[in-house]
Amino acid sequence: MNFSELFKQSNQLCKVSPDGKYLATCVQYRLVIRDVSTLQILQLYTCLDQITHMEWASDSLFILCAMYKRGLVQVWSLEQPDWHCKIDEGSIGLVSSRWSPDGRHILNTTEFHLRITVWSLCTKAVSYIKYPKACQKGTDFSRDGCYMALAERRDCKDYVSVFVCDDWHLLRHFETETQDLAGLEWSPNGCVLAVWDSCLEYKVLLYSLDGRLLSTYSAYEWSLGVKSVTWSPSSQFLAIGSYDEKVRILNHITWKKIAQFDHPATINNAKAVVYKEVERRTAVGSDDLSLHNITIGTTLFNTQSKYEICPLPVQIPVVKPDPDRANPKIGVSTLAFSSDSRYLATKNDNMASVVWIWDMQKMNLEAVLEQTSAVRCFQWDPRRPRLALCTANTKLYLWSPAGCVSVQVPTEGGFQVQSLSWHGSGDSLILLGKEQLCLCFMDTDQEDKSHAGTEDLRAAL
Amino acid sequence: MPESSLVRHLHSSSPECRTSPVRHFSRSLLPQHRNSSMLSTFCTEHNVQDCLSHISQEISSLGFPPVWAVSASPSELSVVAVLNCMYELIQLHRRNIQTLENMEMEQLKSSSEVDFLQLTSTRLKEQLELSRRENAGLLERERQLQLKVKSLQTCLKNEKEEVQKLQNIIASRASQYNHEMKRKEREFNKLKERMNQLLVDKKEKKQAIDVLNSIGRADGKRSLWKTGKTEAKHEGEMYKTLLSDYDTRQRELVLENAELRKVLQQMKKDMVSILSSRKPTLKGDKHKDDCIQADSEEEVFNSSKESVELYCVHAREKLTTSIRLQWRRLKSHVERLDSQASLAQRETRKEEMDRLMLDLQQCKDFIQTQEQLLQQQLSSPCDEETASLLSDCYMLQEKERLREEWGTLEEQRKIFERERKTFTDAAIRLSHERKAFEEDRATWLKHQFLNLSPFADSKTSQMSKSKSSFLISVEPEASAASAPEKLIRSDLDFHTHRSVPLTTQSAGELYPTPCLIPENSLTKPKREAAHVDESSIFCNGNIPAQHKLWKNSEDHCSHSLKREKNSSI
C-alpha cells in the first residue's frame with residue numbers, strides 16, 4: 001500500500017474520469033487535471049469563480065464546473081484545451097447541474113425547482129422540463145443511459161416522467177400512489193423503477209419501465225418510514241433502510257420481503273465477527289508491524305490503532321436521538337452493496353461508529369466493525385468485495401472477508417480523511433481531507449491477499 | 001349386709017356424683033362428734049340408758065345390727081356387737097376419709113383443669129378476636145383493591161377514550177395539514193408559474209449558452225427530427241429492452257427449472273429405487289386393493305418419468321402428485337425407521353445400562369474387599385497380605401484341629417473322671433470294709449478278752465447293738481454299689497497293702513472323714529462309732545433332724561399361724 005503526497009483541493013471536489021485515466025481536482029477557481037498513474041498535471045483550467053460542483057462527462061472528454069452562486073456552468077474539453085463553453089442561467093438561479101448520460105447535454109435545475117433546463121452542446125438548443133419535484137432524489141438515469149426518470153409535482157400529486165435521453169422524448173408519464181414522493185431509483189438493469197414515499201409513510205412502489213405498477217411494499221404504518229433505498233448490482237435485491245433501525249430486503253420476482261436485518265445494541269449472533277478498533281499511544285520507536293511496508297514515517301502525535309476480535313456478546317454504544325428534533329439521528333441511512341452483490345454494508349445513525357456487513361447469500365450478519373469515532377464514509381471496491389471506510393481521522397480502514405485492517409495515512413500536518421472514493425479499477429483510493437487529498441495505491445492482488453491474511457492474523461491475536 | 005352394700009355403692013359410684021353426699025355426710029358427722037367430745041355430756045352415769053337407746057337407734061338407722069335391746073338391762077350390753085359396730089364404724093370412717101382425700105385430690109385436679117381450660121378458652125378467644133380482626137382487615141383490603149380495580153378500569157376506559165380522541169385529533173390535524181399543504185403548494189405553484197411567465201416575458205438575455213463550436217454527438221450520428229416515427233421507435237426500443245429483460249429472466253428461470261428438474265428426477269429415481277426395494281415386503285402383508293393401488297401408483301411413477309420431459313399442465317400435475325405421494329411414503333418409511341431405530345436404541349441402551357450397573361456393582365464389591373484387606377493389613381503387624389491370609393487359614397485349621405483334640409480330650413477326661421469316681425467309691429468301700437473288719441477284729445479280741453473275764457455277757461450285748469446300728473446305716477450305700485464292684489472290693493480286701501494307700505489318698509481328698517479311720521487306736525472304738533454315726537447323718541442329709549426340730553416347735557408354729565390367721569381375719 002503506497003500513499004501519494006498531499007494535493008490541495010477545495011469543496012472536496014476531486015473526481016477520477018470514468019475511463020480511469022485522469023484525476024480532476026478543483027482548487028478554488030482552478031480545475032486541475034492529472035494523470036492518475038503519474039500524478040503529473042496535464043491540464044489547468046481557470047473558471048470565473050470558485051467552483052462548487054464538478055463532473056466528468058461519461059466519455060471522459062468533457063468536464064463541467066458549476067458555480068451555483070453565479071448561476072454559471074463552464075465546460076472544458078480535455079482534447080481541445082482551447083475549446084470552452086459557458087452556460088449562464090441568469091437571474092433564475094442554479095441549484096444543480098449535471099451531465100446527461102450521453103455527455104452532450106447538461107441538465108440545470110433552477111432555483112425553487114422552477115424547471116430543468118436541458119442544454120445541448122451539439123446544437124446549443126435549450127429545452128425545459130417543468131414541474132420537477134424538489135426531493136431527496138428527484139432524477140435518476142438508467143444505468144445504460146437510455147432513460148431518465150423524473151419526479152414531478154402537479155396539482156398536489158406526484159408523477160413520474162420517463163424520458164428517452166437520446167432526444168428527450170417523454171416516453172411515459174404516470175401518477176404514483178405516494179403522499180409525498182421522496183425519491184426514485186432505477187434498477188441496474190433499467191427495467192424497474194423503485195419509488196419511495198417521504199419518511200412520514202413507509203411505502204415503496206415498484207414500476208416497470210412502461211409505467212405499470214409491479215408491486216407496493218409497506219412494512220409498517222404511523223411511525224417514520226423509509227430512510228434509504230439501494231438496489232443490488234445484480235438487480236436481484238432491493239434493500240430498504242428505515243427509521244426502525246432495520247433493513248428489509250425485497251426480491252425481484254415476487255417483490256416480497258425475503259430478509260430483515262436488525263441492528264441490535266447487543267450482538268450475540270455467533271456467526272458474526274465483531275472487530276473493535278482499539279487505540280493506543282505508542283512511541284515511534286516501538287512501531288508495530290502493521291506499518292512495515294509504509295515508507296514514510298508517522299508523525300509523533302498520531303495514535304496507533306488496531307482491530308481486536310471481541311468475544312460475544314458485544315454491547316454497542318448507542319446514542320439516543322432527541323425526539324423533539326426533526327430528522328432524528330436514528331435508523332439506517334446508508335446502504336451499500338458490494339460489486340458482486342455478495343455483501344451489504346449498512347450504517348445505523350444512532351450507532352454512528354459501527355458499520356455492519358451482511359452476507360447476502362446466507363442472509364445473516366457477517367461482520368461488525370466498531371470504530372472509535374463516528375464513521376463518515378464507506379465505499380465498496382468496484383472490483384472486489386473490499387470495503388474502505390474513514391472516520392475523519394488519520395487512518396484508513398479496510399475490510400475484506402479475510403479480515404480487517406487499519407492503516408495510518410503517512411502524511412504530515414494532520415491530514416484527516418473525511419471522505420474517500422475508489423478508482424474504477426479498485427487499484428487506488430482517493431482520500432479526501434478538508435482541503436487536501438491523497439491517493440492510496442493498493443498492492444497487486446496476491447500481495448494484497450497475503451497482507452490481508454497477516455492483518456487478519458494480527459487482528460485475531 | 002346393708003352397710004356393706006352402702007359402702008360398695010359408695011365405692012362403685014363415680015367420684016363426681018359421690019363427692020357431694022359424702023362431704024355432706026362427713027360434715028354432718030364431724031361437728032356432732034366434736035360437740036360430744038367437747039361437751040362430754042352426751043353420756044353420763046345417769047343417762048346411760050338413754051344414750052344406749054339413742055345410739056342403738058342411731059346405729060340401727062345406719063343399718064347396723066342393734067347393739068342393745070330396750071328390754072335388756074344396761075349391763076347386758078353385748079360388748080362384741082358394740083365392738084364390731086365400732087370397728088365397722090371406724091372402718092367406714094377411714095374409708096370415708098380415704099374417699100374424702102381422693103375427692104379432694106380429684107377436686108384439686110379438676111380445679112386445676114378448670115383453670116387450664118379457662119386459660120385456653122381465653123387464649124382461644126384472643127385468637128378468635130385476632131383472626132376476626134385479620135379477617136376484617138383482609139376484607140377491607142379486598143374492598144380497597146376492588147375499588148382500585150374499578151378506578152383502574154375507569155382509568156383504562158378513560159385512557160382508551162383519550163387514545164381514541166387523540167387519534168381522531170391526529171387524523172383531523174393530518175387532514176387539515178394536508179389541506180393546508182395543498183393550498184400552500186397551489187400558491188407556490190401559482191407563484192412559480194407567475195415567475196416562469198415573468199422570466200419568459202422578460203426575455204432575459206443573460207440566460208444563454210456560449211459555445212466556441214458545437215461538438216458532435218457522442219455516437220457520431222446526427223440528431224433527428226422529432227416525428228411520429230421516432231416516437232414509435234422509442235416505444236419499440238423500450239419494449240425491446242423490456243422484452244430482452246424478460247427474455248433473460250425467462251432464460252435464467254428455464255435454466256434454473258432445468259436444474260431443479262434434474263435434481264427432482266434424480267430424487268425421484270432414488271425414491272423409486274428405495275421404495276421398490278421394500279415393496280415386496282409390503283405387498284406380502286397388504287390386501288389386494290392396496291396392491292392394485294400400488295400398481296396404479298407405479299403406473300403414475302412410470303408415466304411421470306416420461307412426463308418430466310413434457311411441459312404440459314397435466315404432466316406437471318401428475319409429476320407433482322406422484323412426487324408428493326412418493327415423498328409421503330418415504331416420509332412415513334423414514335419415520336417408521338426412525339421409531340424402530342429409536343426403540344432399538346432404547347433397548348440397547350437399557351441392556352448397556354444393566355451391564356454397566358452390574359459392572360459397577362462388581363467393581364464396588366471388589367473395592368470393598370480390597371479396602372477390608374487393606375484395613376486388616378494395616379491393623380495386623382504382619383506385612384505381607386498373603387502371609388496373613390495363609391496364617392489365617394492355618395489358624396483356622398489349627399483351631400479346628402485343636403477343637404477336635406479338645407473334644408477327644410474332654411471325652412477322655414470324662415472317662416477318667418468316671419473311672420476315678422469308681423475307684424474312689426471302691427476305695428471308700430474298701431476303707432469301710434477294712435474298718436468293719438478292724439472292728440470285727442476288735443470285738444472278736446474283746447470277746448476273747450471278755451470271755452476270759454467273768455462279766456462278759458452284758459458287754460457283748462451292748463456292743464452288738466452298736467454294731468448293728470452301724471451296719472444299718474452303712475447298708476444302703478453298700479447295696480447301691482454294683483455287684484462287680486463288690487467282687488473287686490473282695491479282691492481288694494486281700495490285695496497287698498501297697499495299692500490301698502494310693503486309692504485312699506485320692507479318696508481322702510474328696511471324703512476327708514473316712515480317712516481318719518484307718519490305723520486308729522483300738523482303745524476307743526465307741527467314740528469312733530459315734531463319730532461315724534455323726535458322719536453318716538451328715539452324709540444322708542439333715543432332713544430328718546430338721547424334721548425333728550420342726551416337730552418340736554410345731555406347737556409354737558401352729559400357735560403363731562393361728563394367731564396370724566386371727567389377725568388376718
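None of these values were measured; they are calculated from a predicted model. Throughout, a chain's letter reflects where its sequence line sits, starting with A, and its residues are numbered from 1.
- Between A:Arg172 and A:Asp210 there is no salt bridge, since no side-chain N of the basic residue sits under 4.0 Å from a carboxylate O of the acidic one.
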Fill in: side chain to side chain donor-acceptor pair (under 3.5 Å) between A:Ser161 and A:His173, intermediate numbers included
CA-CA 4 Å; A:Ser161 295; A:His173 179 78; 2.8 Å; yes
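- Atom-to-atom distance recorded for B:Met238:CE and A:Tyr147:OH is 7.0 Å, nearest 0.5 angstrom.
- The shortest side-chain heavy-atom distance between A:Leu107 and A:Trp168 falls under the 4.5 Å cut-off.
- Within residues 185-197 of chain B, the residues having any heavy atom closer than 4.5 Å to a heavy atom of chain A are B:Glu185, B:Arg186, B:Phe188, B:Asn189, B:Lys192, B:Glu193, B:Met195, B:Asn196, listed by residue number.
- Taking B:His234 as the reference, A:His169 meet the ring-ring contact (aromatic ring centres under 6.0 Å, His included) condition, with sequence neighbours excluded.
- The contact between A:Thr117 and chain B is made entirely by side chain atoms (from C-beta outward), counting heavy-atom distances below 4.5 Å.
- Contact check for A:Leu94 versus A:Thr110: no side-chain heavy atoms found under the 4.5 Å cut-off.
- Ring pair A:Tyr22/A:Trp56 is parallel by interplanar angle, where below 30° counts as parallel and above 60° as perpendicular.
- If you measure heavy-atom distances from A:Trp83 to chain B, the contacts under 4.5 Å come from both the backbone and the side chain.
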Can you list, pair by pair, the side-chain donor-acceptor contacts under 3.5 Å of residues 69-78 of chain A, counting residues two or more places apart and other chains?
{"residue": "A:Gln74", "atom": "OE1", "partner": "A:Leu48", "partner atom": "N", "Å": "3.0"}
{"residue": "A:Ser77", "atom": "OG", "partner": "A:Glu79", "partner atom": "N", "Å": "3.3"}
{"residue": "A:Ser77", "atom": "OG", "partner": "A:Gln80", "partner atom": "N", "Å": "3.0"}

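- Ion pairing of A:Lys133 with A:Asp180 is present here, as a side-chain N (NZ or NE/NH1/NH2) and a carboxylate O approach within less than 4.0 Å.
- Here the side chain of A:Ser341 pairs a donor or acceptor atom with the backbone of A:Ser234 at under 3.5 angstrom.
- Distance alone, capped at 3.5 Å, is enough to place a donor-acceptor pair between the A:Ser232 side chain and the A:Phe237 backbone.
- Counting heavy-atom pairs closer than 4.5 Å to chain B, the top residue among A:Val162, A:Val126, A:Leu209 is A:Leu209.
- Residues of residues 150-180 of chain B lying under 4.5 angstrom from chain A, judged on non-hydrogen atoms, are B:Asn178 by number.
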